[in-house]
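Presented below is the structure to which this report refers.
All of these numbers come straight from a predicted model, not from anything done at the bench. Reminder, nothing fancy here: chain letters follow the sequence lines and each chain counts from 1.
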Amino acid sequence: KQEVTQIPAALSVPEGENLVLNCSFTDSAIYNLQWFRQDPGKGLTSLLLIQSSQREQTSGRLNASLDKSSGRSTLYIAASQPGDSATYLCALEGFQKLVFGTGTRLLVSP
Amino acid sequence: NAGVTQTPKFRVLKTGQSMTLLCAQDMNHEYMYWYRQDPGMGLRLIHYSVGEGTTAKGEVPDGYNVSRLKKQNFLLGLESAAPSQTSVYFCASRSGTGENIQYFGAGTRLSVL
């Protein structure tokens, strides 16, 4: 059974800092890995999707990497802003289904 | 540009009551999912569907039933609500071919007293 762990559970940083969120998983037989953002009281929004054959994806200030051999993914956020404050979840896709981590709650203070 | 729409947004039930949550998507997606989100436990898959007329169990299916009579709609039913079903429920959909991104609804907050 796939298990997904995200560390840290919560993170507080001042505006402008670069930061890294971590996601680890136990089963490397995956189709892809996705990073989502969830704002309080809202649904999830997909940020980046890394196919199993890829090593990283970039979108603006976000960069996600995937290392299947070590069972790890990182989400790098450059020059953080208060608007980045949200919960970030990683999810691994196996056959037809996603398995989610419990998320990292990020607070970026002005 | 609706995407995935969930109704209702909030609901309070008494133990033993029944209700149906509706999910509608306008993207012609094949796959649809129902999740529940509880503090400290992340999102857990309840049931899912890979096409009209099909359903399958996820990680936590007990106490729930689903139907996918039309491609655009995925219904989640609680026949006899229990306090343990107090949660936030999310519906999601994705294409099934090509793009694998899941699109989520805004959620339904359910309290069972």
Count the heavy atoms belonging to other residues, nucleotides or ligands that lie under 6.0 Å from CZ of A:Arg61, then report whether that count exceeds 12. yes
Between the CD atom in B:Glu59 and the NZ atom in A:Lys1, the distance rounded to the nearest 0.5 Å is 4.5 Å
Show your working on side-chain hydrogen bond (donor to acceptor under 3.5 Å, both in side chains) between B:Gln37 and A:Gln38 and close with a plain yes or no. CA-CA 12 Å; B:Gln37 186 176 36; A:Gln38 185 176 27; 2.9 Å; yes
Determine whether more than 12 heavy atoms belonging to other residues, nucleotides or ligands lie under 6.0 Å from atom CZ of A:Arg72. no
Pairwise side-chain contact, B:Leu43 with A:Leu98, heavy-atom cut-off 4.5 Å (strictly under): no
If you count heavy-atom pairs within less than 4.5 Å of chain B, which of A:Ala91, A:Ser46, A:Gly103, A:Gly101 leads? A:Ser46
Is any side-chain heavy atom of A:Phe100 closer than 4.5 Å to one of B:Leu45? no
Atom CD in A:Glu93, atom CZ in B:Arg94: separation rounded to 0.5 Å? 4.0 Å
Is it the side chain or the backbone of A:Phe36 that comes within 4.5 Å of chain B heavy atoms, both, or neither? side chain
Largest heavy-atom contact set with chain A, pairs under 4.5 Å, which of B:Ala92, B:Cys91, B:Gly42: B:Gly42
Please flag which part of B:Gln6 lies under 4.5 Å from any non-hydrogen atom of chain A: side chain, backbone, both or neither. neither
Tell me, yes or no, whether the heavy-atom count around A:Gln54 atom CD, taken from other residues, nucleotides or ligands under 6.0 Å, exceeds 12. yes
d(B:Asp38 CG, A:Thr102 OG1) to nearest 0.5 Å is 12.5 Å
Need one label for A:Leu44: side chain, backbone, both or neither, based on atoms under 4.5 Å from any heavy atom in chain B. both
